[in-house]
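Counting convention: from 1, in listed order, for ligands and their atoms alike.
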Amino acid sequence: MHLTPEQISDYHEHGYLLVEGVFDDAEVERFRAQVPGIFADDSPARVLEEGTETVRMTHGHHKTNAVFGDLVRDPRVLLPARAVLDDDVYVHQFKLNAKAAFDGEIWAWHQDFVFWHHEDGMPEPRTVNAAVFLDDVHEFNGPLIVMPGTHLAGRHDEDARDTGLTDDDPDWMSHLTVDLKYELGRETIERYAGESEMVAPKGVAGSVLFFSPAIFHGSAPNMSATDRTMALISYNSCENHLLDVPEPRPWFLAERDFTPVTPLG
Ligand code: SIN
Ligand code: MN
């Protein structure tokens with residue numbers, strides 16, 4: 001439930017920490033049982049893989065689904081988030097990333113914090129992502145890839161680009177599709193590749209990958225026959241709450257209720 005001092009310092013040094021076997025099989029089954037109904041719901045918070053009916057991701061279920069509502073308050077994810085941020089936290093964003101068998105597409109290299117800073121008015125990268133594996137993550141189903149240490153490389157927004165969306169698409173779609181607005185460019189990755197290896201933390205369902213919103217990360221397409229569903233909770237430090245912006249994004253992308261999350265039980 002509590003990270004050890006070594007785990008906390010590992011997190012701060014490398015920008016990520018994999019904790020295996022946090023949730024047991026019965027708990028994972030309970031999470032997984034929620035997913036088909038959620039994915040079938042044609043809501044604005046659901047994004048499909050381009051040109052398909054396959055779900056890429058859906059948002060906000062910590063507020064619409066009791067099981068995921070409990071998950072964000074579970075001490076096994078909440079207490080580590082509070083520990084690495086050294087503050088009370090609230091949920092900035094909750095999403096289910098599907099990365100479906102065969103159809104799950106690429107996530108280009110990016111830093112989450114660039115989106116949250118520019119689009120949502122988040123002052124600092126005082127956020128931690130907790131990615132709860134709902135399926136086993138292996139080398140063939142598109143594991144998340146991180147570049148350890150790059151969470152200290154500062155904000156790289158010089159490669160922002162026009163993603164070619166039409167006027168009919170809401171602007172926030174450009175943060176969620178294969179063509180990301182704030183993708184990290186090749187020169188940036190090349191520059192840091194000399195100093196940082198790439199790591200793809202893998203583990204059984206029920207493991208949790210904590211990672212910094214400033215770390216360079218992405219993932220390859222899923223070429224396997226097994227899904228790689230993850231519940232991704234982005235906890236923000238309450239002191240780092242969002243500032244006003246001219247066009248706030250929908251609540252399911254950028255929460256503006258900064259009430260601290262309290263642990264279950
Ligand atoms: C993300 O960067 O938020 C998601 C990446 C992935 O699901 O592989
Ligand atoms: Mn990301």
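- Cluster annotation: Met122 and Phe115 are assigned to the same hydrophobic cluster (Ile/Leu/Val/Met/Phe/Trp/Tyr, side-chain heavy-atom contacts under 4.5 Å, transitive).
- Contacts between Lys95 and ligand 1, counted as non-hydrogen atom pairs separated by less than 4.0 Å, involve the side chain only.
- Listed by number with element, the atoms of ligand 1 under 4.0 Å from a non-hydrogen atom of Ser219 are 6 (C), 8 (O).
- Nearest protein neighbour of atom 5 (C) of ligand 1, counting heavy atoms only, is Leu144 CD1, 3.3 Å.
- Contact annotation: for Arg56 versus ligand 1, there are no heavy atoms closer than 4.0 Å.
- Within Asp112, the N, O or S atom lying nearest to the Mn ion (ligand 2) carries the name OD1.
- Closest protein heavy atom to atom 4 (C) of ligand 1: Asn97 ND2, 3.0 Å.
- In this structure, His217 has its ring center closer than 6.0 angstrom to the ring center of Phe211.
- Taking a cutoff of 4.0 Å between a charged side-chain nitrogen and a carboxylate oxygen, Arg249 and Glu119 do not qualify as a salt bridge.
- Checking only distances, Arg228 does come within under 3.5 Å of ligand 1, N or O to N or O.
- Salt bridge Arg82/Asp88: present, at least one basic N to carboxylate O contact under 4.0 Å.
- Residue-level proximity to ligand 1 for Met230 is absent, since no heavy atom of it falls below 4.0 angstrom.
- Aromatic rings from His151 and Phe216 are positioned such that their centres are separated by 6.0 Å or more.
- Among Lys63, His61, His62, the one residue that satisfies the side chain to side chain contact (heavy atoms under 4.5 Å, CB included) test with Val72 is His62.
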